[in-house]
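Given the structure is predicted, the values throughout are model-derived calculations rather than measurements. Positions are given from 1 along the sequence. Note that these values count all heavy atoms, side chains included, but never hydrogens, waters or copies made by symmetry.
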Amino acid sequence: MEEVAEGLWSLADHEEKKGEIGRAIKCLEAICQSTVSFLPIIEVKTRLRIATLLLKHTHNVNQAKSHLERSHLLLKSIPSCFDLKCRAFSLLSQCYHLVGAISSQKHILTRALDLIASAAAAAADQLEVKLWACNFYSQLANALIIEGDYQSSISALEHGRLSATELRYPELEMFFVTSTLHVHLMQWEDENVIASAVSKCDEAWASIHPERRPQCLGLFFYNELLHIFYRLRICDYKNAAQHIDRLDASMKNELQQRQELMEELQALNQSLSSSDLSPRDKLALSGKQSQLLEQLRTMAGQDSFAPGNSGTVKQAWGEGLELAPSPINGEWLPRNAVYALVDLMVATLGRPKGLFKECSKRIQSGMLIVQEELMKLGITDNLKEVDLQHSAIWMAGVYLMLLMQFLENKVAVELTRSEFVGAQEACESIIEMLRGQYAHSVGCYSEAAFHYIEAAKLTESKSTRAISQVYAAISYICIGDADSSSLALDLIGPIYRTIDSFVGVREKTCILFAYGLLLMKQHDLQEARNRLARGLQMTHAHLGNLQLVAQYLTILGSLALALHDTVQAREILRSALTLAKKLYDIPTQIWVLSVLTALYQEVGEKGNEMENAEYHRKKAGDLQKRLADAHSSIHHIELVDKVKVEAMQFQDLDMKRLLGGPSMRANLDIPESVGLSAPAPNTYTSRLVDLDLDTGRRTKRKY
């Protein structure tokens, strides 16, 4: 019967290489369903193979789990078979992870590590033992992260790193140190510890031989993205931009190489389909075809000898960016999700600089990728969560989160450029904060304050809560009456007293601006000037946000004029107008022009005053037309209405599975900037500041 089993295994291999996964599984199931008994080890190998195919090519996780549990039961009666037992433990752990059975996953991994300890004591093949140890420690770390147990997760990763070090395997060591950095970024407790983790990643990458690095594409993307998140969190945008440039260049280079190889392969396939080829020519072309497929596999970071890695272009290219070799096969995000994330980072860093054309291009590119991937997962407008396979929920959540970020950036660009109607379309699916930004931008200050307060209530992030409250305070200041100013003071006062407790520069510049406005309202002009000058210095040195700089300059120019320093006021206001024109920021232009008109009146420059006033009227007319279009839209009332969006409530367990547990927050401080318009707090002020949002995101990490 062993010959029969080997024949069916070979036939299954053949069908898999052709991409006929269903037929391959039927060949293997014939062994399991046979009325004639096979040896237990043959049944185990067959069921493991079926489970592998199901997990790799289908969403039939429960069926795969059944095969693995049967294999695990059979293996208990077999004294040896270390590799088969480890494969069964690993695949069963993955199944429990996919169905959300984290307790069962931890239990099976604990038993797997007991097996590793026994094998190590028995002087087994140490290479194989340590590689499987790395596998189990990485999966255990992932399970612990889902439960929010950061310290135990870091401990598991450290055990894995030590095993990789003993193997003298730098790529594997890099996998564990980057994974550890990821956990630190999610936990974010001791900034010195995180900085040390970043340095360890740099050292580990440097230890990989330069000739090996091109084969570590997944690690490269993972490491660079983690560095970007870290730099954004500490507001080091200059160094973050350098990492983004490297990442973007690598992505473009990979896509170009892939396109060239696929075009060559397509031409080769057409030649092979010709009926008049001689056997010799056909053999030569087939050899060339195999070489091209091998190049695609190498670019994708796949193991050439792994089952199923030959055949079609899709199989050769693969959808994942692997972080570690077999048997770890770690993957963070699928290839297309990483590409979308690169587009998001380029757009996020480019938008505050006014690079709207490139931002719009990247937002469109990223949203297209996300929408295509959601379609592949079966996500449509009428789909409900209960209709989804549990294994697809996490990945769908990742893409939906990316879509949310792209929409937020799209709204921010449109509001900055006063494209209010365009912003409405995206705002429909976004949170209270964006509703507040929209309401404020179109002059609905009371409604804006309501939505900002709601946003503050809905977040667990200290930073986001503070910025939401500051935004609400600015909206109250814009209302202009005594009661609203009192509400603004109630919000700003407590936050200002804790300003030094915030890590990010963005929070501090936000607080300083709002506090400076309150001091202006109280006619303490010199103190307001000092606070705002400090905020401008921090913004210019650390944020690189041109719109925020323009608005700081405008209000400082109006303060200088109020203090009768006309020389400095003129210089500051001209700089502000230049920046506002570059950004197509009409409300800020109107604000600057109104202050300049007052300046020309004070210095008696009648010609400049009349010319400036005419340009001001033109821009004000343009803005009023845009506002009228926005107010007449069918979406306007729904967006500004003082009713918060009620999201569908998930069950507690489902929410933990989807979001990675109650304490899983990746507070990465991705910079946001949306201009806020306001009426004058004094004679010269008609426009308020662009403030950045710290969006606290929940993520679930997949090792």
Side-chain angles (χ1 to χ4, degrees), residues 44-45 48 52 68 71-72 75 78-94 96-97 105-145 151-183 197 200-201 203-209 212-213 215-216 218-219 222-223 301-307 322-332 701-703:
V44 167
K45 289 180 178 179
L48 288 176
T52 301
L68 291 167
S71 298
H72 182 62
L75 283 167
I78 303 175
S80 54
C81 299
F82 173 78
D83 183 67
L84 287 177
K85 289 180 178 179
C86 287
R87 286 174 58 196
F89 277 130
S90 179
L91 290 170
L92 194 52
S93 168
Q94 292 175 42
Y96 288 142
H97 174 81
Q105 184 187 16
K106 288 167 59 181
H107 175 71
I108 206 72
L109 288 171
T110 300
R111 295 183 63 182
L113 288 169
D114 289 341
L115 175 63
I116 292 294
S118 299
D125 181 354
Q126 291 303 302
L127 174 62
E128 186 179 29
V129 170
K130 292 188 183 302
L131 280 173
W132 278 115
C134 290
N135 175 302
F136 298 136
Y137 279 124
S138 68
Q139 291 199 59
L140 180 60
N142 191 25
L144 292 165
I145 273 295
Q151 292 305 316
S152 296
S153 177
I154 290 171
S155 176
L157 291 170
E158 178 61 16
H159 280 95
R161 187 193 68 79
L162 290 173
S163 295
T165 302
E166 291 170 2
L167 289 169
R168 298 183 179 179
Y169 204 150
E171 292 95 328
L172 197 49
E173 186 175 357
M174 180 71 183
F175 166 73
F176 283 105
V177 294
T178 49
S179 299
T180 302
L181 173 59
H182 196 156
V183 179
K200 288 179 181 177
C201 288
E203 293 168 5
W205 182 254
S207 70
I208 300 174
H209 195 281
R212 290 284 303 162
R213 291 176 192 168
Q215 281 74 54
C216 302
L219 275 176
Y222 186 36
N223 184 45
Q302 293 188 4
D303 181 359
S304 304
F305 303 103
E322 290 192 349
L323 303 180
S326 179
I328 291 85
N329 302 121
E331 179 187 282
W332 176 38
R701 166 69 202 282
K702 183 180 180 183
Y703 289 115

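Distance check, rounded to the nearest 0.5 Å: SG of Cys216 to CE of Met174 gives 8.5 Å. With values rounded to the nearest 0.5 angstrom, Gln139 atom CD is found 14.5 Å from Lys106 atom NZ. Atoms NE2 and CD1, from His97 and Ile108 in turn, are 15.5 Å apart once rounded to the nearest 0.5 Å. Interatomic distance, OG of Ser163 versus CD of Glu158, reported as 10.0 Å (0.5 Å rounding). Here CG of Leu48 is found 7.0 Å from CG of Leu75. Values are rounded to the nearest 0.5 Å. Of the inter-residue distances, the one linking Glu128 atom CD with Ile116 atom CD1 reads 8.5 Å to the nearest 0.5 angstrom.
Across every non-hydrogen atom of Ala206 and Arg213, the tightest pair is O-NH2, 3.3 Å. In plain terms, the two heavy atoms of Phe136 and Ser90 that are nearest each other are CE2-N, 3.8 Å. Contact record, Ser153 with Leu144: N-CD1, 3.7 Å, taken as the closest heavy-atom pair.
Side-chain atoms of Leu157 and Tyr137, non-hydrogen and from C-beta on, never get closer than 4.5 Å to each other. Using a 4.5 Å cut-off on side-chain heavy atoms (C-beta onward), Trp132 and Arg87 make contact. Cys86 places none of its side-chain heavy atoms less than 4.5 Å from the side chain of Asn135. Using a 4.5 Å heavy-atom cutoff, the side chains of Cys134 and Tyr169 are not in contact. Residues Thr165 and Phe176 form no side-chain contact, since every pair of their non-hydrogen atoms from C-beta on lies 4.5 Å or further apart. Looking at heavy atoms from C-beta onward, Thr180 lies out of side-chain contact with Arg161 at the 4.5 angstrom threshold.
Side-chain contact check for Thr178 and Asn223: no donor-acceptor pair (N or O, by modelled atom type) lies under 3.5 Å. A donor-acceptor contact closer than 3.5 angstrom links the side chains of Tyr222 and His182.
Under a 4.0 Å N-O distance rule, the pair Glu203/Lys200 does not qualify as a salt bridge.
Of the possible donor and acceptor atoms, one in the side chain of Lys85 sits under 3.5 Å from a partner among the backbone N and O of Ile78.
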Quick one: do Phe89 and His72 satisfy ring pair (Phe, Tyr, Trp, His ring centres under 6.0 Å)? Show the steps, please. CA-CA 8 Å; Phe89 277 130; His72 182 62; 5.1 Å; yes

